Structures are given as C-alpha cells and as structure tokens.
Amino acid sequence: MRWEFTQDFVKTPGHNDSGKLIVEVEGYNYQPLPLEIRGENLRLLGMARTGEQLRLNPGHYAVRMLLPNGETETAMVAVQADGLARHKMGWRPTTLLARKLKSKYTERKPIIPLPSAPAFPTLELSEENETEHADKAIPEQATTALPENWCARFLAYDIDQKYWLPAEYPPRLELQEHGVVGGIVASELLVHAQDPGLFAIELRGRAGDHISVALPMAAQSDAMSCRLTIVDDGEAIRAEASLLGYGSIELVSDYMQTGALQEAAALMEDAEELLWGKMSNPIAAALGGYALLRLGDLERLHNWPMNLASWFEWLPDGAVIAGELAARRKDHPSAANFMLLAVKRGLPLFSEGYSHLLSRLRYYTLYGRKLLGQGFSADHVEEALDTVQQWSPGVDLSYLSLTLEQLSLSGQDIPVQGPPSSEGWMRFASDHSDLLLPL
Amino acid sequence: MSEVWRTVGGEDANTPRTHALVIGTSHYVHLPDTPDQPVPDDGRVTLGLGQATTPATSALIFATWLDEKYHNPDAPIGTIRLLLSPSVDEWGQVDSLAGPDISRSSTANVKAALRAWKRDCENNRDNVAILYVAGHGIQLTKDDSIVLLEDFADPNENILQCAMDIGSIWRGMNNAKAAKTQFYFVDACRIKPDLFKDYANNPVGVMLDEEDSGTITAAPIFFSAAPRSYALGEPGKGTLFCQALQDCLKSYGVDPPDTNNRWLVTTSSLLKRLPVRVSELARKWGEQQDAVPGGLPVDVAFHVLKNPPDVPLRITLNPAIASAQASARLWDGLSRRTLFENVRFEPDLIREVPGGNYLLAVTFPQNQQDYRNLEAASVIAFPPGCEMEIPV
C-alpha cells in the first residue's frame, strides 16, 4: 500500500523555497534503503530511498528507514528553505551470524512483555546475560575452535542418474566468523562454487542431528558464492544459506527472508537484466521472480522466466517460475510441462520454488484431466508428485533456501549415533587452516 | 447447520461487508485423550494424535475480536460464523465457549457453514472474506495445508474425510464472483509429517471446486504450526499464534499512519511482524515456532484502528547512574497535551503511550550539577516499540 502512494520527492518540486534533504546511513552507503517520508503529524507523505536528494517544503519531517533485518529506524529532521540538510541515520548492519545469535535462537529483551512460561525448559541464557553477550557476540578474530563433531558433505545433483551424489568437485568453504554464546555455537561461512550445477550441503550437528541446505550459487556467474550460517545449540543444528552478489541482491535476499516482500520487489532492478550480460545472475533472477509471483505482479515478469528456464538447464527454479507463470495465465499444459521439467532437474533452490512445484503437481493430479486435455499423462504427473513429495516431511518452509531437516538428499538412512559412514562426509577442522578434513 | 454467530447490517448486497468463518477444534470425538493411549482396534487411523487443548479458545478469541474490535470502514462486519469443539479443560476456562448459538466443528456443520460463507462473500466483489481455522493440522506448501475437524478418525470414513483442504478452499474462493480481498489464518497443532506422508494425496472431505480464476486482489495465508501436537500457551489465552495475532492487531503489527493518517494493520505489516512475534512467544517456552506466509500477500488494509495504538516506550539515560535523580516529562508538541510529568527512572523509564510524535524533557534537581537538563528531545512512538538512550 505504501508504495502505491509514492510521491517522487526527487523530481517533484515543492514550493519555490523548497529545501533539499539527503538521508544517509552511517557506515552504510553502498545501497539505497527504502525510506518513508512523514509529516510532523507522522502522516505518510511518500516513499523515497536513502542517498537521494529530496526536495521538500520547509518544515519538520519524520523519516523512517526500513532495514533489511526487519527493524526500523526513525528520526525527526528539519528542512530549511533553500537549504540542503544532510541527516545521518544510525544503523550498523550486523552480520547474519550476529543476528542469529542475538535474535532467533536466544532470547531478546522484548519491549512488549511476554507471558510467563514456568513449566517448560528455557534456553540457558538469562536475558541479562544474553543482552550482554549479544552485543559482543562475534569477535573480530575467531578465538574458539569449530566443533570437531560437526560433519559435512557436499552433494551435487546428477541429472542423468536423477540422484544426489557426493560432489566430485565440491565447493570451497571459507570461514568468515565464528562465535560461541552460552553453549550456542555459530559460524558464518562463504561457499564458493567450483563447478556448474546444483549443489547442497548436508550437515551433522553436535547432537548427531542432520540438516540439508540447497546452496543458492552458480559457477561462471555473478552468483559464484553464497553465505552459509550454521547455528548449533547442542540439541539441533540449523543452517541458512543466503545470496551474495553485486548491487542490491543481498538486500533483496534479506528483505525476502524477513517478509518484506514489498521492499524486496521495490529494490529489485529489472529482474530480466539479471539474465543478460557477461556476469548474469540466474539465482538472483529466480529470487526476484518468486517475489513477483508471490505479489501477483505478473506484468513485471513479462516472458523472461521462459529464458531463465531455457538458458540455465541445471536450474529447477527457472522451470518452476515459468510453470507457475503459465499456470497463472491459464496455460495449464505449458505449466505442467515446465513443472515436470523442473522435477527432472532436481529440487528447487528456494523453498518458494518447492512450494509452487508441490502445490501445482497436487493440483494437476486432481484436475489434470480437465485442465490438461488429451495429451496429459496422469502417470507422469503422479510420478513427479511422488518424487517431490518424498522430501515434504523434512522441508522447513520458513527458510528462504530449501532446507530439509532429518532427511538425507542421498536417500541414505541417517545413522542415529556415531559418525556418518557413507561416502563424502568430512569433519570440520578445529584449527581453521583447512576447514574440512576426511573423517 | 450454517447459522451465523453474529450478523450485522442485514442483507443489502450493495454495501460491501466483511464475512468471517471461524473454526476451532480442540475436542476430537474419535481420538484418545493423549497420543500414547490405546485406540479401539476398528481400523481408525489417528496419526499419533490425542486431544488438542486450546484451538477452540483461540477461535473464540479471534471471533470475539472480530465482533468487538474489527474495524474496516470500507467493509464493516456482515456475518461471523463460529464453529467450536472445545476440550474438557476449555469448558472450565472460558465461559463463553458454551454459547447456544455456537455450532460444533463437525464435518457436516463445517461444510454447510463454508458454503454459506462463500455465498455471502460472493454477494459483492468489494466484500472482505476472512477464514480462521484452528486445530490439528499440517502445512504441505505455502499455499496448501490440511486441518482436521471434530470427527476426524471416524473408523467408518476415509482418513481425510473429516478434514479441511485450505489450499482448495483458497483456490475455490478465487473465482469470478469472489470477494476481491480475503484473509486466511491457519493455526495448527502440528501433525508429525512422517506419520502423515502416506496420506498427503488422499481425498479431503471439505474442499471447494477450484476455479483459480485469478480475479482476486489479495488473499494472504498466514500459517503457523505449534511444534507439538498440543498447543503451547496459558489456559484461556489460546495458542501462541492466537496470542501473537492479537498482539499484532492491538499494537505490535500496526503500521504508522498512512497517507490518510490512518493507523493500519496491513498484509505487509502482518508479514513482517506476525512471524517475529510467534517466534518470540515460542522462545519463551523453550520452543521454536515459525509462522509461514503464503497465498497472495498483496498489501491491503486488514484493520483500521480507531485510535493510535498503545506503544511501549523505554527510555534509558547514559550514564545509567544519572537515572537515580532524573525525572521526565513527555508531551505532544503540537497539541501541548502532557502525557506524563515528574516521572522517575527505575532505572529505565518504561511507559505505554499512544503512538505519536512527542517531546521529552529530562530534569535533575537544581543542586545536581553533574548532568545537564534536557529541554526537549523528539520521541517518535511507533509500534512495535520505541527504545531510546539519551546522553545527559
């Protein structure tokens, strides 16, 4: 709703004596962030972006910055006639790792009181301790060893064999940060693709539990690397993969993860552009495509999902987006074909893609005869549905990247105790010199 | 039965109205009290479930909120259909669960109510449709989920005969006559996925014919599943999802004034704040619970507040030791109305104030020379809360 009422403060002149305002973010001027411009009575006047030179009538304004971590910063600023005011908003972007340690797996000091919960176990951090630790949680230099009982292996999808197999040329891991707060261990790593194709990492935590994460990266593109954040509280290991790349790609990824779909879509440059050029980014294009699908903005999708589907033959998400777009346009035979193509390519990188794929296959299993006509093969659709649905019990839809809990993509059973014995498993090295060593 | 629990405004189809269907199932006729109790050897499949504890309370709380607080000037409440099957414990906790005009959430009742609700919604394209369903359930995708009804596990029926297919209903409501704006809330006590996987594609009893015509403007689905088959939460307060939703509707999920100066709960504000609040509440119980949005979450207004929401305010002085002798005054700079004065820091100043733009003064005793008085600092109180640290 807010974006529909955008007043263009950059081009629209105010009164003759209008002043200028530039809102900047202290220590973060790489990418413009969405900004609400409000009157002194707080009524919304319109939307703008940080870094833009805004023309406003003299007076006081409330500016509210919508941050990629889901929080907001608000300030009052004064604009003088014919003057240029620069206002710096304070925001120190925290790493995903720090945010995880601070918010999702530990208790924050809530500003709204929470009900008491005496009968259930709580995390070992007290609020005071947590607050104290969280601000200091991530040291500049890693001082604590990675848990030696963390294990990992990379899997690559083999389109011919239709199996996830241990990667022949596994991606390279690079440790960015590591922290321990109250028994919760967290690491942030970069994963660099070495080989084209679809990759996932399987991780085994300190308690012997298991998680698989699709890696949103593509060799020979602007999406050569992705960020992987691992958090292990001793009971469960959790991991989250997010996008890296030029421009606003990381912001779009962060906004989508925090439910700020409007902000993600508004920041995204023409997603079609991400497919062109020397260093295209099919991963970011796919993410943008999912945002537009979710918002029902089919016009902005044009027909480029067909290109995404046909140019990147290893990427299931392109076929899913093209299929979902075709279905929304009532071209169900094309939609079904794209969905079947996606299943041949493996599993989508994003949970949005898995969700669309499974929903459409369920839908065509029920209504295929009516919607798909004579050429429709019920067996093909049902077989594809079975293939996709086998992962359903493990899929955690709350993550941006496809994440499976307690299921191995290899189809192998997960040993309950002891180190995993199947092919490709490595252990994390405690001295950080070489992150993964053979078991 | 498809009697309505509340009807407001008559049958005038020219006036857009909001029509709500609210269903909460805690008591399951064919399930044992707890999952570990034996069940009769009559072929019933229970999916390892026992009775739920709070979904009926949650549904009643939401329906009561709709009845008493929901405010949408473009489509005021028209009808609320409420179907509840409370647990034994809930009968003792919440008096109004026993209302004579409340139907039980049996499959037959829900089917009838669903059809009647759909017809009401289709009276006017500017109507708003709201569906809230609470009970044992499972999310299959961001758009598809299944919620079990009171007579689930009837040995004489197919396994999902007594269940609702939310995705099918969502798609069935997307037709040429449908209300253009719809909201879906699915509040589930989670069925274990590994026990459910063999039945995921079985026919479901309560569905709608799917047209999926793509004519609606917005139809977000907010789904949350408690990590246990029984819901967490205090007696009488409903599930954590219900509590989180209530918090969001009251203040936590309210957006600051729009271009028409209205404080709103919107699709966008719920997308951002509801999952955060659900997680916050669950962490307090030592659990992890997420709320996953799906459907068509285009940004539209859900609820227009009649007054600014109460916003928690926390003001800290730096250095903290200064707070021992400081007192504060907060006033509205435009109307000059004083909200509080001579209030001491203990050691933070914590108050709830109506959302708005204020000025704050902090003063120290005249014989206290260590700290400077603060004449007027800007305080902008927006939900979910305003925290400030003031150097003195």
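Note that the structure is predicted; figures quoted are calculated from it, not measured.
Only the side chain of B/M207 has a heavy atom closer than 4.5 Å to any heavy atom of chain A. Residue contact with chain B, scored on non-hydrogen atoms closer than 4.5 Å, is absent for A/L298. Of the two parts of B/I380, only the side chain, counted from C-beta on, holds a non-hydrogen atom closer than 4.5 Å to a non-hydrogen atom of chain A. Using a 4.5 Å cut-off between heavy atoms, B/D165 contacts chain A through its side chain alone, with no backbone atom that close. Of the two parts of B/K142, the backbone and the side chain both hold a non-hydrogen atom closer than 4.5 Å to a non-hydrogen atom of chain A. For a residue to count as touching a neighbouring chain, one of its non-hydrogen atoms must lie under 4.5 Å from one of that chain's; by this rule B/P293 does not touch chain A. At a 4.5 Å heavy-atom cutoff, the contact between A/S359 and chain B is made by backbone and side-chain atoms alike. For A/L366, the part lying under 4.5 angstrom from a heavy atom of chain B is the side chain only. B/L140 touches chain A through backbone and side chain together, each having a heavy atom under 4.5 Å away. With a threshold of 4.5 angstrom between heavy atoms, A/R362 approaches chain B through side-chain atoms but not through N, CA, C or O. Both the backbone and the side chain of B/P297 come within less than 4.5 Å of a heavy atom in chain A.
Note: A/R43 CZ to B/N357 CG = 14.5 Å, rounded to the nearest 0.5 Å. A distance of 9.5 Å separates CG of B/D255 from CG of A/L44, quoted to the nearest 0.5 Å. Taking OG1 of A/T72 as the start and CZ of B/F382 as the end, the distance is 8.5 Å to the nearest 0.5 Å. If you take OG on A/S392 and CD1 on B/I138, they are separated by 6.5 Å, rounding to the nearest 0.5 Å. Taken from OG in B/S269 to CD in A/Q262, the straight-line distance is 11.0 Å, to the nearest 0.5 Å. How far CG of B/N201 is from CG of A/D386: 7.0 Å, rounded to the nearest 0.5 Å.
Taking each heavy atom of B/E210 and A/K370 in turn, the nearest pair found is O-NZ, 4.2 Å. Nearest heavy-atom pair, A/R64 versus B/P383, reported as atom, atom and distance to 0.1 Å: NH2-O, 4.5 Å. Pairing each heavy atom of A/G70 with each of B/R273, the nearest pair is O-NH1, 3.6 Å. Taking all atoms of both residues into account, the shortest heavy-atom contact from A/R294 to B/G295 is NH1-O, 2.7 Å.
A salt bridge is defined here as a Lys NZ or Arg NE, NH1 or NH2 lying under 4.0 Å from an Asp or Glu carboxylate O, and B/D143 with A/R360 fails to meet this definition.
Inter-residue side-chain proximity for A/L261 and B/L271 is flagged as met; some heavy-atom pair is nearer than 4.5 Å. Side chains of A/R38 and B/P257 form a contact here, defined as non-hydrogen atoms less than 4.5 Å apart.
If you tally non-hydrogen atom pairs under 4.5 Å between each of B/P203, B/P256, B/P193 and chain A, the highest count goes to B/P256. By number of non-hydrogen pairs under 4.5 angstrom with chain A, the leading residue of B/L270, B/D194, B/T217, B/L296 is B/L296. Among the candidates A/Q406, A/K330, A/H356, the residue making the largest number of heavy-atom pairs closer than 4.5 Å to chain B is A/K330.
Heavy atoms from other residues, nucleotides or ligands lying under 6.0 Å from NZ of B/K192 number 12 at most. By the neighbour-count criterion of 12 heavy atoms within 6.0 Å, atom CZ of A/R329 is densely surrounded, having more than that number from other residues, nucleotides or ligands.
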